[in-house]
Amino acid sequence: MVREQYTKATQGTNIERPEKQYVYNIGIYGWRKRCLYLFVLLLLIILVVNFALTIWILKVMWFSPSGMGHLRVTSEGLRLEGESEFLYPLYAKEIHSRVDDSLLLHSSQNITVNARNSDGHITGRLTVGPNAIETHGQQFQINSANGKMLFSVDEHEVLVGTDKLRVTGPQGALFEHSVETPLVRADSSKQLRLESPTRSLSIDAPKGVHIKAQAGNIEVLSQQDIKLQSSDGMLVLDAETVRLPKLSLPTPPSDSRRNSGSSQELYEICVCPDGKLYLSVAGYGSTCQEYSRHCQ
């Protein structure tokens, strides 16, 4: 602080004026000085604590020039080793595991994978839940290792690209509508069974229907009617013996039995005008009658 001292004099008095005197007081004294030292000491303590905390965080989080902890930054992207937990959505172009290990995705609720277009709209979704696996998209397709289509589903049809479709369930396969296929075949040690419990069974072919059993029986069972129809062709039953055991058998009259001249029971198959079949005792001539009671 600088002070100037002046000497006052009255008029008419000849007093020599002393030269100007300057007093310099330099420095901070008293409580201000103590507060300043305390503030500097506090800043030094904070700096040391921050430096120690920074070193501790770097050590605990395993920070290194290549990454943090199990997370490594490589030229191909990010590499994460061990188990990790993501609390928010994860956006990535590609996720794959190590060469010698498998990729495991675990969630307590479900796992959802979304695919979006350039506008941000979801075009495909795969949801793995605790009770079901759901997929949403225009088409679902499964390919083999060499790129061959094995299974494809879209809004209009379901395609199976394998050479053989095998159903191994004990109840077989249930179709609510028609089935179009060039071949239906069972395994060599199994039986082939076509059944309709409460409705009719229809087998249609434009050129013909061929049913053949090389080492077994063919059984067609239905509670109602069984129809074999071909619009352009014929129906062939190729076997050594064709039996119709439940055709109507009339009681032959006594004269017909005498005219037969044989103890053997021989019958002929008669056809009614409506196509119904029935048996009639064979004789020297035809015993079929147009107005038989079996045709009524």
Side-chain angles (χ1 to χ4, degrees), residues 74-81 83-84 86 89-107 109-196 201-216 218 220 230-233:
T74 62
S75 59
E76 299 178 355
L78 296 178
R79 179 178 180 180
L80 184 60
E81 299 179 355
E83 297 182 0
S84 302
F86 298 94
L90 175 64
Y91 298 91
K93 181 179 180 181
E94 181 181 357
I95 300 176
H96 61 87
S97 62
R98 298 186 305 178
V99 179
D100 57 345
D101 199 356
S102 60
L103 179 62
L104 176 62
L105 301 178
H106 176 73
S107 175
Q109 297 296 329
N110 56 49
I111 297 176
T112 302
V113 180
N114 295 329
R116 301 177 182 269
N117 55 11
S118 58
D119 298 332
H121 299 157
I122 297 177
T123 58
R125 173 180 296 174
L126 174 62
T127 302
V128 181
N131 298 324
I133 299 177
E134 298 181 0
T135 59
H136 299 269
Q138 297 180 355
Q139 185 179 7
F140 177 76
Q141 184 171 336
I142 300 176
N143 297 330
S144 62
N146 55 5
K148 180 181 178 181
M149 190 272 294
L150 301 178
F151 184 77
S152 178
V153 179
D154 57 14
E155 187 178 357
H156 303 286
E157 61 181 358
V158 178
L159 298 178
V160 179
T162 57
D163 298 335
K164 182 185 298 183
L165 176 62
R166 177 176 297 179
V167 180
T168 60
Q171 299 298 329
L174 175 62
F175 300 95
E176 296 183 357
H177 301 283
S178 62
V179 179
E180 181 179 354
T181 177
L183 177 63
V184 178
R185 184 177 62 185
D187 291 339
S188 58
S189 60
K190 302 294 183 180
Q191 296 182 358
L192 178 61
R193 182 177 181 181
L194 302 178
E195 180 181 6
S196 178
L201 178 62
S202 176
I203 301 177
D204 299 332
K207 293 186 178 181
V209 177
H210 186 199
I211 301 176
K212 183 178 181 180
Q214 298 180 353
I218 296 177
V220 181
S230 177
S231 59
D232 184 11

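Every value quoted in this text rests on a predicted model; they were computed, and no experiment measured them.
Annotation: Q138, atom CD; neighbour count of heavy atoms from other residues, nucleotides and ligands within 6.0 Å does not exceed 12. The neighbour count for Q109 CD, taken as heavy atoms of other residues, nucleotides or ligands under 6.0 Å away, does not exceed 12.
At a threshold of 4.5 Å between non-hydrogen side-chain atoms, the residues L126 and I133 count as touching.
In this structure a side-chain-to-backbone donor-acceptor pair under 3.5 Å is present from D154 to H156.
Here the shortest heavy-atom pairing between R116 and I122 reads NH1-CG1, 3.5 Å. M149 and L159 get closest at one heavy-atom pair: CE-CB, 4.1 Å.
Note: S152 OG to L150 CG = 10.5 Å, rounded to the nearest 0.5 Å. Atoms CG and OG1, from N110 and T112 in turn, are 4.5 Å apart once rounded to the nearest 0.5 Å.
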